[in-house]
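Take a look at the structure set out below.
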Amino acid sequence: ACQEPAGSRKPTRNQVGIPAIPRKVREDMPDGRSSGGILCPVDLGDQSVSVVRVAVMMANACSVPLILLHTLKSDAPPYFTPGGVAQLEAELEQTSSAARQKLARMVEGIGSALAVEIRVEEGDPSSVIRRMAESLGATMIVMGTHGRTGLARIEKGSIAEAVLHSSAIPVLTVGPRDKIATLLSIICAVTDSELSRISLSWAVRIAQCLRTGLTVLHVVEPGDRDTIADLCHWVERDRQPGCHIQEIIRHGNPADEILGLAGELGAGLLVIRAEHKLISDKTAIGATAEKLLRHSPCPVLTVLGGSV
């Protein structure tokens, strides 16, 4: 039977089923029938192979389409003559063709059981990514980060940050030092909120696709109640699990406890939720999510909610 674990640092193991998922949310997940697939923006930098490998792994495991996207900046300076503009367009065409070929070789080297679509578009990268995600009906974005300062995985002002702050769909970020050989062992951090229910649903579906284990972590902050009263009811007991799920309750600072557990378990994927909040005319996603995105030792899937 599903029971709430005691408020200790030791995991309590339970075999549980598939989370109850509203039909629209269920169909928007990686293995949903109306899924528009995974959009993977690639900048062709040193990290690109790792990012594409994670995207291919997810798409193959969940049997959904994968679209690789590379963007080119094409604005011609105002002083360009018609001849200069024509030359720039010819160079862009050559660059676009070279990008397609490089992406095709990358996919061939990684190996994919499914066909992969390659798109090269012109424009501001974050704007193109959002536009393409909407037009393709993508259900997830997989992209790299470029944290270069200290231990940070994602930098202020980066394309990844811009996408996270504006995306209406979950974003899976892969850092330059993330372990990506396997996504075995998934951690989903939850609070007593509807967005956490949705993020848990995503985590279970992905764990089922990858046939791996899932740890559900609830961190109790000072002054909060010890447990989520109906956590067990987030799961349908009459369906077979497809993955093993364990629940853990810890007390303390959410970001610190989540990062600590990820290190202890050698997590391959962290699933978190983040609310879009408008602060001084700019969209933010909260201090806990920001810290997890910057310091996680593994890829992070951020399930987003709120206004964008």
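Computed from a predicted model, the values in this text were never measured in an experiment. The first residue of the sequence shown is numbered 1, and numbering continues consecutively from there.
Put simply, the side chain of Ser167 never gets that close to the backbone of Leu164: no donor and acceptor are under 3.5 Å apart. Between the side chain of Ser48 and the main chain of Gly45, a donor-acceptor pair closer than 3.5 Å is present. Using modelled atom types, no side-chain atom of Thr145 and backbone atom of Thr173 make a donor-acceptor pair closer than 3.5 Å. Under a 3.5 Å cut-off, the side chain of Gln47 and the backbone N or O of Gly175 do form a donor-acceptor pair. Judged by distance alone, the side chain of Gln208 and the main-chain N or O of Cys62 form no donor-acceptor pair under 3.5 Å. Under the 3.5 Å distance criterion, the side-chain polar atoms of His70 are matched with a main-chain donor or acceptor of Val42.
Within the 4.5 Å cutoff, the side chain of Ser112 has no heavy atoms near those of the Leu66 side chain. Annotation: side chain of Met140 is not in contact with side chain of Leu39 (no heavy-atom distance under 4.5 Å). With contacts defined as side-chain heavy-atom distances shorter than 4.5 Å, the pair Cys298/Leu269 does not qualify.
Evaluation of the side chain to side chain donor-acceptor pair (under 3.5 Å) rule for Thr302 yields no partner, not counting sequence neighbours. Judged as a side chain to side chain donor-acceptor pair (under 3.5 Å), and not counting sequence neighbours, the contacts of Thr191 are Ser193, Ser196, Arg273. For the salt bridge (Lys or Arg N to Asp or Glu O under 4.0 Å) test, no residue two or more places apart in sequence or in another chain qualifies with Asp124.
Residues Ile38 and Leu114 do not share a hydrophobic cluster, clusters being chains of Ile/Leu/Val/Met/Phe/Trp/Tyr side chains in contact below 4.5 Å.
Note that CD1 of Ile67 is 9.5 Å distant from CG of Leu69, once rounded to the nearest 0.5 Å. Separation of atoms CD1 (Ile272) and CD1 (Ile187) is listed at 12.0 Å; rounding is to 0.5 Å. Annotation: the span from Arg53 atom CZ to Cys40 atom SG amounts to 12.0 Å, rounded to 0.5 Å. Taking CD from Glu121 and OG from Ser127, the interatomic distance works out to 13.0 Å, rounded to the nearest 0.5 Å. For the atom pair Ile248 CD1 and Thr215 OG1, the distance stands at 5.0 Å (nearest 0.5 Å). To the nearest 0.5 Å, atoms NE2 (His218) and CZ (Arg250) are separated by 13.5 Å.
Checking each of Val271, Leu265, Leu270, Leu261 against Leu217 for a side chain to side chain contact (heavy atoms under 4.5 Å, CB included) leaves exactly one that passes, namely Leu261.
The pair Glu122-Arg131 does not meet the salt-bridge criterion, since no charged nitrogen lies less than 4.0 angstrom from a carboxylate oxygen.
Of all the heavy atoms in Thr71 and Gly123, the pair that sits closest is CB-O, 4.3 Å.
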